[in-house]
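Data first, discussion second: the structure below is written as structure tokens.
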Amino acid sequence: MSTRSRLRQALFDSALAVGVAVSGCVAGTHYPPGDWATFGVGAYLLTCLTALPLALRRAYPMASLTGCCLGYSLYLTAGYQPSLNWWAVIIALVSLAAGRELRASAAGALVAAVTIVQSGFAGHLGPLLALTQALLVPVVCLLFGQGQRKLSLRNAELKRLTEALAHEQREKARRAVLDERIRIARELHDVVAHHMSVISVQAGLAEYVFTSDPLTARSALSTIGGASREALQDLRRLLTVLRVDMEAHDDSAAPLGPLPELSRVGELAQRLEAAGLAVEIQTTGVPRRLDPGLEVCAYRVLQEALTNVVKHAESAQVSVHIAYQEDQLSILVRDDGGTGKPAIASPGRGHGLIGMRERVRICGGRLSTGPLSEGGFEVHLSLPTSSAPLEDA
């Protein structure tokens with residue numbers, strides 16, 4: 001419990017003690033004395049002595065109940081009429097039952113019962129009624145207090161479970177980001193390996209024709225310069241991906257192979273159409289080969305967007321709009337929602353959007369996702385590009 005919460009509870013208990021004391025004094029002053037002693041200075045002091053221990057009812061519940069019973073007993077012994085001081089004992093007993101187990105509370109109930117018997121006799125009740133009152137009142141207080149205790153324990157357990165669940169969800173999301181970064185790092189490793197292969201081949205060509213064909217050698221050196229610049233950019237992205245605290249090391253080798261690129265989107269669409277999708281692809285602008293790292297990012301985001309449609313919407317109509325602009329690539333994927341049933345059985349892990357955002361963030365782009373008002377879902381990707389036309393590559 002925080003310091004602020006403890007302070008609020010202390011202020012409330014202090015205010016309660018003062019309120020009970022003031023109420024007892026007011027009731028004693030205005031209640032006709034009858035056969036009891038006149039309510040004077042001693043009565044005021046004993047009333048305060050009965051009520052003020054309530055300020056400690058949470059920290060020291062048994063001591064608080066004992067103080068209230070002792071003060072009330074002295075008050076009755078002095079011959080003053082029973083008044084609102086009675087409620088100090090009741091409140092203290094309920095607080096004891098709410099804060100301690102039943103066995104500890106039962107001992108306090110016996111102390112309260114003796115005081116209640118004395119109050120009944122002081123109030124000129126018959127012996128049977130006084131004893132019945134002394135039996136029923138503590139039992140009701142115990143039942144009510146124990147009910148409060150069980151509710152408090154359940155709330156505390158619920159709070160603990162909620163915090164544990166939130167922590168588990170944060171850990172799962174963090175683990176998903178780390179797993180995605182490992183996959184991205186492997187693909188960037190392939191990208192860098194691709195660049196180095198190009199540099200190696202072009203360097204060998206330039207050395208071979210350096211004297212016999214200077215133009216070819218110059219072209220090879222130009223290619224080496226462009227590939228090396230792209231490799232440096234991808235190495236920076238790779239270092240960004242790996243700049244995280246890893247709990248475990250994965251020493252498995254990343255397989256080298258052909259890199260995903262947007263020119264293969266048609267093949268991807270054909271495979272997904274076999275799963276029940278109707279995919280329409282529209283391309284605007286001049287298609288060109290992007291930096292391999294951006295190609296991988298764009299292809300993987302598009303692949304994940306289409307795969308999510310397969311998972312969540314049966315027989316959906318999907319439109320893919322790829323726009324090559326001067327300084328950026330824009331991809332818009334929209335589906336009509338289909339029947340809302342999954343087209344194939346795929347358990348998944350629910351981290352697709354996390355992986356998409358992580359890829360786009362590393363490449364410096366923007367990604368927006370969300371449902372459409374008319375039904376369906378939309379994924380919009382924007383990536384900054386610095387690339388050469390495809391025919392010049």
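Fair warning: this is a prediction, and the values are worked out from it, not measured in the lab.
Between Gln282 and Thr284, the closest side-chain pair of non-hydrogen atoms falls below 4.5 Å. Inter-residue side-chain proximity for Leu46 and Leu49 is flagged as met; some heavy-atom pair is nearer than 4.5 Å. By the 4.5 Å heavy-atom criterion applied to side chains, Thr283 and Val265 are not counted as neighbours. Glu295 is listed as a side-chain neighbour of Arg289, based on a closest heavy-atom distance under 4.5 Å. Residues Leu372 and Phe377 have side chains not in contact (no heavy-atom distance under 4.5 Å, counting atoms from C-beta outward). Here the side chains of Val209 and Leu215 are not in contact, with every heavy-atom distance at 4.5 Å or above. In this structure, the side chains of Gln133 and Ile116 come closer than 4.5 Å at one or more pairs of heavy atoms. No side-chain heavy atom of Ser14 sits under 4.5 Å from any side-chain heavy atom of Val18.
Both Tyr324 and Ile281 sit in one connected hydrophobic cluster of ILVMFWY residues. Membership requires side-chain heavy atoms under 4.5 Å apart, directly or through other members. Cluster membership check: Phe39 shares its hydrophobic cluster with Leu74, using side-chain heavy-atom separations under 4.5 Å among Ile, Leu, Val, Met, Phe, Trp and Tyr. A single hydrophobic cluster is not seen to contain both Leu332 and Val379; linkage of ILVMFWY side chains at heavy-atom distances under 4.5 Å, directly or through other members, places them apart. In terms of hydrophobic clustering, with Ile, Leu, Val, Met, Phe, Trp and Tyr side chains grouped at heavy-atom distances under 4.5 Å, Tyr80 and Leu70 are assigned to a common cluster. Linking Ile, Leu, Val, Met, Phe, Trp and Tyr whenever their side-chain heavy atoms come within less than 4.5 Å puts Ile331 and Val279 in one cluster.
Qualifying salt bridge (charged side-chain N to carboxylate O under 4.0 Å, His left out) partners for Glu168, counting only residues two or more places apart in sequence or in other chains: Lys172.
In the displayed structure, Glu326 atom CD is contacted under 6.0 Å by at most 12 heavy atoms of other residues, nucleotides or ligands. Heavy-atom contacts from other residues, nucleotides or ligands closer than 6.0 Å to CD of Gln325 number more than 12.
In summary, the side chains of His380 and Ser330 do present a donor paired with an acceptor at a separation below 3.5 Å, with no hydrogens or angles considered. In this model, a donor atom of one side chain and an acceptor atom of the other lie less than 3.5 Å apart for Gln118 and Ser73. Between the side chains of Gln303 and Arg300, at least one donor N or O sits under 3.5 Å from an acceptor N or O. There is a side-chain donor-acceptor pair under 3.5 Å between Thr29 and Tyr44.
Of the inter-residue distances, the one linking Leu52 atom CG with Asp13 atom CG reads 12.5 Å to the nearest 0.5 angstrom. Note that CZ of Arg58 is 12.0 Å distant from CG of Leu56, once rounded to the nearest 0.5 Å. Here the CD-CG distance, from Glu207 to Leu221, works out to 11.0 Å after rounding to the nearest 0.5 Å. Taking CG of Leu54 as the reference point, atom CZ of Phe12 lies at 10.5 Å (rounded to 0.5 Å). The CD atom of Glu378 lies 4.0 Å from the CZ atom of Arg334; values are rounded to the nearest 0.5 Å. Put simply, NE2 on His167 and CD on Glu163 are 11.0 Å apart, with the number rounded to the nearest 0.5 Å.
Under the 3.5 Å distance criterion, the side-chain polar atoms of Ser119 are left unmatched by any main-chain donor or acceptor of Thr115. Put simply, the side chain of Ser152 never gets that close to the backbone of Gln148: no donor and acceptor are under 3.5 Å apart. A donor-acceptor contact shorter than 3.5 Å is absent between the side chain of Ser64 and the backbone of Tyr60. Gln317 places no side-chain N or O within donor-acceptor distance of the main-chain N or O of Asp336, the cut-off being under 3.5 Å. Counting only distance, with no hydrogens or angles, the side chain of His30 and the backbone of Val26 share a donor-acceptor pair below 3.5 Å. No donor-acceptor distance shorter than 3.5 angstrom exists from the side chain of Asp335 to the backbone of Val318, with no hydrogens or angles considered.
Across every non-hydrogen atom of Pro61 and Arg100, the tightest pair is CD-NH2, 3.4 Å. What you find for Thr385 and Leu294 is that their closest heavy atoms are CA-CD1, 4.1 Å. The two atoms that bring Gln81 and Ala37 nearest to each other are OE1-O, 3.8 Å, heavy atoms only. Taking all atoms of both residues into account, the shortest heavy-atom contact from Thr50 to Gly71 is OG1-C, 3.0 Å. Nearest heavy-atom pair across Gln328 and Ser382 is OE1-CB, 4.1 Å. Taking all atoms of both residues into account, the shortest heavy-atom contact from Cys363 to Cys297 is SG-CB, 3.7 Å.
Ion pairing between a basic and an acidic side chain is recognised when a charged N comes within 4.0 Å of a carboxylate O; Glu157 and Arg160 show such pairing.
Partner of Val333 under the side chain to side chain contact (heavy atoms under 4.5 Å, CB included) criterion, chosen from Val301, Leu381, Asn308, Leu302: Leu302.
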Show which side-chain atoms of residues 84-96 pair as donor or acceptor with protein atoms under 3.5 Å away, not counting sequence neighbours.
from  : atom 1 : to    : atom 2 : distance (Å)
Asn85 : ND2    : Thr47 : OG1    : 3.3
Ser95 : OG     : Arg57 : NH1    : 2.7
Ser95 : OG     : Ile91 : O      : 2.9

